[in-house]
Each structure stands twice: as structure tokens, then as C-alpha cells.
Amino acid sequence: MCGIIGYSGHRPAVPLLVEGLHRLEYRGYDSSGVAFEQAGRLHVVKAAGKLAALEAKLENNAYLLATSGIGHTRWATHGLPVEKNAHPHLSQDGDIAIIHNGIIENFQEIKDELSARGHTFLSDTDTEVLAHLIGEERKSAPSLCEAFARALRRAHGAYAVVMMGVEEPGVIYAARMAAPLLMGVGVGECFVASDIPAFLPYTREVVFLEDGEVARIEGAKWQVFSLADLSPVKKSVSHVPWDMQAAAKGGYKHFMLKEIMEQPRVITDCLTGRVSEGSDGELSVHLQELDDIPVPARLHIVACGTSYNAGLWGQQLLENVGGIPTDLDIASEFRYRDPILLPGEAVMVISQSGETADTLAALRLAKEKGCRVIGLCNVVGSSIAREADVVLYTQAGPEISVASTKAMCSQMVLLALMALYYGQRRTPAVFDRELLAALHALPEKLSAALPAMQERAGQLALRFASSRSFFYLGRGQCHALALEGALKLKELSYIHAEGYAAGEMKHGPIALIDPQFPTFALALDNALFPKVKSNIQEVLARQGRVIALVQEKNGKVPDLSVEELWVLPAAHPVISCFFALPALQLFSYQMADYLGKDVDQPRNLAKSVTVE
Ligand code: F6R
């Protein structure tokens, strides 16, 4: 996830671009850069680290004459966050500059082809390959726009790309495919950006670009074309009433809500480049990061909090689908219990931030004991990412809200992919085609379901906001979700909540059940449904109030005689968890918001727990 801005107008472009990048800082960044045209040449200035580093480089430079340019903040997904990988990237002849957000999946194939034609590359990025491809296409294309379109038609994957070329001073081109990009229309000036805050001080008139569209801006003029044939597309201008704060939150009231609603896109990003469709329509999983290490004889997952819950969710899949015996530890326990780690085994640490002190200590302990460490991490360049032997990045983008939501979703996707991947590597190979197909189809289905889920969560929050305690019950993979549901409720709304494996209730906790102690039961449509149903009966028999999260089956809703049924769409038993997770998150969010709590920064909590 990166921040993108392009400008064409009458103001000094460079300071405007840098200011716009500042307003995109919440998208996260590890390096940044700008490109502009001056005296018939493209100039690129970039720096690793915070924007201040770029500003320092731009100081005392007579760049103020340029009135168009492009700027980028990078949030690394591939390649280290160092200056050479920062955008913009240039074509071989230096006449075309581009910035890019997303992943060009077939970049290696294009790179090999261009290398054979004598191209040399200065970075490790897929973006530079695309810049070179546009330059190469320009040799035969009738115009820069046509070269841009030809190159993009060859690129597979998700992208938002903004380009400028020395041959058309003052003109900026932009195109999108499954990555955010929009246009701002001001007076005598136009903008393209990955998000509205980038240009909000200058205009609130916005044109939303769709996948497969190309925009051209030149001062006051703007046009949109279809990428397929460059035919003009009619677009309308919308007025956006948001202030800066609302814009950074994408119009949502809180970052947490934005991040919950972002999960379909996060899933798409996690799958991009990792799931491919063969010519026979067969899907397969690629985790190149793991190709060079032997299949572990046993995997020890170590993590904290929500990341631990994700690990618990993935454990069963890794065993059943991946065929890997898998243990699970809380990092703060693992580091002090002198674990037995045998040759051939591996430790996998899961951490959104990559900086959690206990998880990092567990990683170091594993390495000391000679064990290979796989990091499942969201933040590129974080301590865990740097110290692990192999890193799988979760591609959730920066998570601003202190309570983790979309990061857990991304961890679950990666764990499912790992299980499928190791299944493929088994002898004989095990292909869980149904699961992979369901995962592939998930983003669209989840996206369609989320608005109704938010509404239902709001109704239930209103009904249960006076409760002081909650049980969350689930079995199998839903046990992990029950723990996560309880964690989210307590950290956001400060209501006492306990997550339990539903079968454990009768061994003690059931003593707490009374009409004031409601239960949130995860009764999804899977093999354990009849067992959970019995556990719900046990709660009802003690006058407990129950909210049951269920799914439609053959158009019918299960009859559980509970106070509240929350019906989710029918889905594959593993994939149903990706619907249950945002349901639990939304319920906690609505409770906390209704109770007036500080949703994005709950008391006593920190986003990155770097102390023991
Ligand atoms: C809960 C939450 C925490 C973190 C935990 C581990 O909403 O955010 O429980 O999951 O502190 O953090 P990471 O994943 O950064 O290691």
C-alpha cells in the first residue's frame, strides 16, 4: 500500500506534491520520491525513510518552476525500503517516469524479456520493469498514451500507476486496476491520487476512476479513456463534503471501522501473486518464499494477542490440509519455558507490527537453538521481518486503529495459503481445490455482505450494551474466533468477556450463566454444528441469553430457539470464518461506539508492544 499523487496546473508542483504526500502519511511509508519536468528533462529526487529525508534533499533546489509532477510514498511489499527501490522509476532512456501502487504479478517474465533486449535495471522493483516496458512500447506506439496502455494491457495484477513523459510537458497519465485511484478537478488544475486527502485543500470535486480506465490531466483539462481501446469514457464529477479527518478515514467515523470494511481488499492483496489460474482453469498456490526451505517436520507457531488467535485458527488447517504437525505457544510463555526444538522443525512467529518484544525474543530463542524461523509479518523492514530466516508478508497495509482487525484477516489468509501450499508439496500432493476456489471467490462475497453485517451489529449492540459480561463460545476453528471476539469486546468497550471452547463450558464456566450474562455462540455451518447446538441448549437451560452466529443452509436458517440469530451467508466451512471475523469485530465496534469509548485508541493499550 503506497501513497500516490500527480499534479498538473499553475502552482509550484514540488512543494504541493510533498504536502500531498504528508497528507497520505497515514497510509504508511518507508521511502518517498518526486519526479517533475524541467528544461526538457525529467528530474527524480527520492529518499529512504520518513518524508523529512526527501524534504531535506529538496531544500535549496530551484525546483519551484515545475508546475506538474508526480510523488509517491512507498509502503514496501517487495524489495527492501531503500532509496533505489523508492519511486518514481524511470524508463531505460530516462524519458518516462512512473509511480505505482500494487503488484505486477508477471514482472519477472517481462523483466527477462527486456533484459534480453539489453535493458538494465537499477532497483528490485516490479515498477521499474513497468517503466521500462512503457519505454519499450513507445518505440513502436504512435503516442505516449498508446505506449502506456499497451504496457498496462500486458501487466497482470493489481495496480494504480501514474506516469509522466518528457515528450508531453505538463501532462500526467494515470490508470487503475484493483487499486485505489481518483482524480481531483480544481480551477485551472487537476490532480490524481490514491486518496482524497492528498488534494483536499485545493478541491473537493472528485472523479472516481474505475478498473480498466486511463485518465489524462493537463492543467484544467481532463479526459478518461478505456484501457482496452482508448475510447473516451464519460465520467461525472462528485462533490465530497468531507473534512481532512473524515477523508483520512475514508469517510468512516473511525479508522477501526474503515479497516474492518477494507478486509475484502486486504484478502485480494494477500492473494495477488500467490494464487494463479492455469490455462485449464485450475488454481494453484505459490509461496516462493518457502520454496527453498524443506517442509518442516513440525511447526511451532508463536505469537501474542490477536496474532496468537490467528495462529490458533491456522493450526488445524496446517495439520489437516498441509499435513504439518503444528504446535502453538503464547510468545511470553514460549520464551521462558525452554522449549524442545528438534532438527528439521521450524518456528513461525506471527506479528502484525513485527516489533512485539515477546515475539521477537521467541524468534531469537528459536534461532539460538538452531531452529529455522519463518516470520508472518505485516510491516516490511520491522525487526521480526529482518531477523526471521524467511518472511511472508501479510499485505494488510498500515493498521492505524490500535485494535487489530484487518491484520488478523490477512494472517488467516496467509495461514490458509500456507496449508494449501504444503498440501501441494505433500507426497502424494493434496489439492484442496474447493477451499482454494472458495478463498479466491471470497473478496467479492464478503464485500457484498459487509454493509448488512454492520447494520445487524448495530442493532445487537443497542440491545446488549448494558451487559457487563459476555461469553464467546466456539469449537474447532471457531474456538479461535471466540477468543478473538472476547478480546475485541473487552479491549474496545471494557466489558468483561471470556472466550471458551464451547465443550469446556460444562467443566466450570457454566456456573456463571444467568440472565445477566449473555453468550455469543459461533454456530456456523460445519461438522461441529450439532455439538455447538447442544452447548447452546446447556446455556439456554440456565436462562442464559444467547446471540447465535449462524449460516443459511439450503435457503433455511437453523432453528436454535435463541434470543437473537445473526445469519451469515452460506460458505465453505473454512471460509465462513472470514465472515464471522468481521461480524465479531463489528459487534465490538458498535458496542464501543454506542458506549462512547475511544474506539481507535482504547485506554491502556499500545499499537506496538515493544516492552515485556
Ligand atoms: C489486539 C491486538 C493485540 C496484538 C498483539 C500482538 O487487538 O492488537 O493483541 O495482536 O499485541 O501484536 P503484533 O501482531 O504486532 O505482534
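The chain is numbered in sequence order, starting from 1. Just so you know, ligand 1 is whichever comes first in the structure, and atom 1 is the first atom listed for that ligand. Bear in mind the structure is a predicted one, so any value in this text is a computation, not a measurement.
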Check each of T306, I384, V379 against atom 9 (O) of ligand 1 and report the one with the nearest heavy atom. T306
So if I count the atoms of ligand 1 from 1 in the order they appear, which ones are less than 4.0 Å from some heavy atom of K488? 1 (C), 7 (O)
Per-atom filter on ligand 1: closer than 4.0 angstrom to a heavy atom of A403 are 7 (O)
Which ligand 1 atoms does E491 reach within 4.0 Å, using its non-hydrogen atoms? 1 (C), 7 (O)
First locate atom CD of E355, then atom OG of S383, and finally report the distance between them rounded to the nearest 0.5 Å. 3.5 Å
For atom 15 (O) of ligand 1, grab the closest protein heavy atom and report residue, atom and distance to one decimal in Å. S353 OG, 2.6 Å
Which heavy atom of S469 sits nearest to which heavy atom of P518, and what is that distance? O-CD, 3.1 Å
Just jot down the ligand 1 atoms closer than 4.0 angstrom to any heavy atom of Q352, in number order. 13 (P), 14 (O), 15 (O), 16 (O)
Can you tell me if M408 contacts ligand 1 (heavy atom of the residue under 4.0 Å from the ligand)? no
Between NE2 on residue H300 and CG on residue D329, distance to nearest 0.5 Å: 8.5 Å
When rounded to the nearest 0.5 angstrom, what distance separates CD1 in I330 from OH in Y308? 5.0 Å
In the protein, which heavy atom is nearest to atom 6 (C) of ligand 1, and how far is it? C304 O, 3.4 Å
Which ligand 1 atoms, with their elements, are less than 4.0 angstrom from a heavy-atom of S307? 10 (O), 13 (P), 14 (O)
Heavy-atom side-chain proximity of L414 to I350 below 4.5 angstrom: no
Does some non-hydrogen atom of T405 fall short of 4.0 Å from ligand 1? no
Would T359 count as a polar contact of ligand 1, with the cut-off being nitrogen or oxygen pairs under 3.5 Å? no
Tell me which protein heavy atom sits closest to atom 11 (O) of ligand 1, plus the residue, atom name and distance to 0.1 Å. V609 CG2, 3.9 Å
Would you find a donor on one side and an acceptor on the other, under 3.5 Å apart, between the side chain of T394 and the backbone of C377? yes
Distance (rounded to the nearest 0.5 Å) between Q352 CD and K406 NZ: 8.5 Å
Donor-acceptor pair, distance only, cut-off 3.5 Å: does the side chain of K488 make one with the backbone of S404? yes
At less than 4.0 angstrom from any non-hydrogen atom of S351, what atoms of ligand 1 do you find? 13 (P), 14 (O), 15 (O), 16 (O)
Which residue and atom name correspond to the protein heavy atom nearest atom 12 (O) of ligand 1, and how close is it? T356 OG1, 3.4 Å
Taking all non-hydrogen atoms of both residues, which atom of L439 and which atom of L271 are closest, and how far apart? O-CD1, 3.5 Å
Would T125 and K84 count as having a side-chain donor-acceptor pair, cut-off 3.5 Å? no
Heavy atom under 4.0 Å from ligand 1: found in V402's side chain, backbone, both, or neither? backbone
